[in-house]
Amino acid sequence: MDRFMWTNGLLEMNETLVIQQRGVRLYDGDEKVTFCGVFRQHAKSSGIGKSAKIVIHLHPAPANKEPGPFQQSKFSYIKLSFKEHGQIEFYRRLMEEMTQKRWENTPVSQPISTTAGLKAGRTRAVGIVGIERKLEEKRKETDKNISEAFEDLSKLMEKAKEMVELSKSIASKIKDKQGDITEDETIRFKSYLLSMGIADPVTRETHGSGTHYHMQLARQLGDMLQAPLELLSPEDLVNACKMFESLKLPLRLRVFDSGVMVVQLQSHNEEEMIASALDNVSEKGSLTAEEFAKLLGLSVLLAKERLLLAEKMGHLCRDDSVEGLRFYPNLF
Amino acid sequence: MSFEWPWQYNFPPFFTLQPNVDTRQKQLAAWCSLVLSYCRHRKLYTVDVLEVQESPVFNNKKIERKLSVEAIQVVFEELRKKGNLEWMDKNKTRCLIMWRRPEEWGKLIYQWVSKNGMVNSVFTLYELSNGEDTENEEFHGLEDWMLLRSLQALHAEGKAEVITLDDGKGVKFF
């Protein structure tokens with residue numbers, strides 16, 4: 001068997017221990033070999049399994065194979081005799097490795113030498129080694145890219161963490177009403193949001209904030225509410241409406257307890273509305289939101305909000321039954 | 001004499017628990033008053049919650065409105081807080097309705113006793129609640145548990161003492 005190569009018992013750079021089995025006798029062809037060691041894949045081979053013996057046929061060694069115990073051999077196969085069993089697992093691993101041909105994916109490397117450096121040893125043929133080297137470089141590059149990307153990701157996580165801290169602190173301040181949110185915090189928060197693409201966060205000061213676009217939009221809305229506008233997203237509409245007061249337009253955005261938002265005239269007088277609601281209801285004895293809406297020519301949603309408001313003020317009370325929700329004057 | 005229903009009884013919103021806090025307070029006060037006077041009228045001392053849902057007091061067939069179970073529980077809780085109701089079990093399925101509190105009963109009984117010059121006499125409980133002499137009295141037919149509590153209230157005032165007789169309990173008035 002001339003395909004053996006001397007090596008120390010340690011694993012080389014691109015070798016991994018697949019399986020280790022004691023008590024294996026090595027046969028060069030049919031001749032027993034006197035030395036023994038851990039068998040490692042190095043050359044191509046195909047194997048046939050037998051009971052208690054594995055025969056491995058090996059291709060001829062490459063010309064530049066390093067010296068081994070036999071320089072020459074009349075056999076092109078070796079036998080492994082498993083004296084202490086383990087052949088099944090060994091065979092399985094062997095076949096696995098053969099199928100995967102893992103050694104072909106990793107470039108052939110020099111054994112680690114302390115002196116002389118790698119250059120001295122690079123006398124191999126450029127062909128395969130060159131390709132393998134390129135593969136290695138590519139792999140290193142990919143690795144680098146990935147870690148860079150993850151660097152960004154971890155930076156992002158850092159930022160996100162900061163944001164979360166900040167929003168938590170603001171939230172708890174609001175909750176505990178502990179002092180004002182500092183100018184600095186507000187600025188930081190806004191800059192975070194801007195960098196995320198949220199142009200105008202909901203803040204208490206509506207004057208001065210908001211983009212130019214929203215201001216123009218608000219003006220348009222104020223001037224010609226009737227005119228057909230192009231498709232408008234709800235957020236844009238709401239943001240524009242929030243600016244009515246600061247732009248001194250005769251409209252107001254109003255939010256009800258239930259969350260319903262309405263645009264109403266500045267001249268809208270709440271008390272009058274409630275008083276007239278009470279009148280309407282008393283006149284009819286009782287009203288549902290639908291009936292009220294019809295009476296006043298309002299949308300049902302608005303009609304309901306008005307009735308609910310009147311109930312909140314104590315002017316009306318409700319009758320909730322299978323027939324529906326009906327409002328009565330509060331006679332209690 | 002037929003029972004006189006209060007105006008709220010025919011007002012549909014009366015049967016809906018009002019969300020407005022102030023309105024609700026007034027509504028509950030009206031319910032408590034109605035429940036107590038109804039029980040007094042019918043001489044009901046104990047109430048089963050499931051049964052009472054169908055009773056006319058919570059169920060007005062004429063206007064097709066009835067008070068929900070949740071709302072009934074809220075009314076009962078109000079009564080309990082005012083000292084007019086006591087739960088007989090943990091699951092709140094039965095309760096004692098005290099449309100008159102023990103102290104008030106005690107006072108009535110003692111008035112009758114002294115009016116008839118029977119202070120220092122001994123009565124059996126049965127005589128008091130079911131005797132011929134008390135037929136016209138309001139406390140006639142009073143259930144034992146309530147009678148005992150009333151007498152205990154009097155005892156606290158030093159006006160009576162519950163004693164054990166051969167065939168049951170009795171009371172001595174001072």
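Per chain, numbering begins at 1; letters A, B, ... match sequence-line order.
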Could you check if a side-chain atom of Pro19(B) sits within less than 4.5 angstrom of a side-chain atom of Arg318(A), using non-hydrogen atoms only? yes
Straight-line distance of Thr23(B) OG1 to Lys312(A) NZ, nearest 0.5 Å: 13.0 Å
Are Phe15(B) and Ser321(A) side-chain neighbours, meaning at least one heavy-atom pair lies under 4.5 Å? no
Leu331(A) to Trp7(B) - nearest heavy-atom pair and separation: O-CH2, 3.4 Å
Contact summary for Phe11(B) and Pro329(A), nearest pair of heavy atoms: CZ-O, 3.5 Å
Check the surroundings of atom NZ in Lys82(B): do more than 12 heavy atoms from other residues, nucleotides or ligands lie under 6.0 Å from it? yes
Tell me whether Met261(A) at atom CE has more than 12 heavy atoms from other residues, nucleotides or ligands lying less than 6.0 Å away. no
Min side-chain heavy-atom separation Arg24(B)-Phe332(A) under 4.5 Å: no
Neighbour count >12 (heavy atoms, 6.0 Å) for atom NE2, His140(B): yes
Tyr126(B), OH atom: more than 12 neighbouring heavy atoms under 6.0 Å: no
Count the heavy atoms belonging to other residues, nucleotides or ligands that lie under 6.0 Å from CD of Glu64(B), then report whether that count exceeds 12. no
Cut-off 4.5 Å, heavy atoms of chain B, and the answer for Asp320(A) is both
When you look at CZ of Arg42(B), are more than 12 heavy atoms from neighbouring residues, nucleotides or ligands closer to it than 6.0 Å? no
Are any of the side-chain heavy atoms of Arg326(A) and Pro12(B) separated by less than 4.5 Å? no
With rounding to the nearest 0.5 Å, note down the distance linking CD in Gln27(B) to CG in Asn330(A). 9.5 Å
Please say whether more than 12 non-hydrogen atoms of neighbouring residues, nucleotides or ligands are located less than 6.0 Å from NZ in Lys294(A). no
Measuring heavy-atom distances to chain A, does Gln25(B) have an atom under 4.5 Å in its side chain, in its backbone, in both, or in neither? neither
Just how far is it from atom CD of Glu311(A) to atom CG of Asn20(B), taken to the nearest 0.5 Å? 6.5 Å
Please round to the nearest 0.5 Å and tell me the distance separating atom SG of Cys317(A) and atom CZ of Phe14(B). 11.5 Å
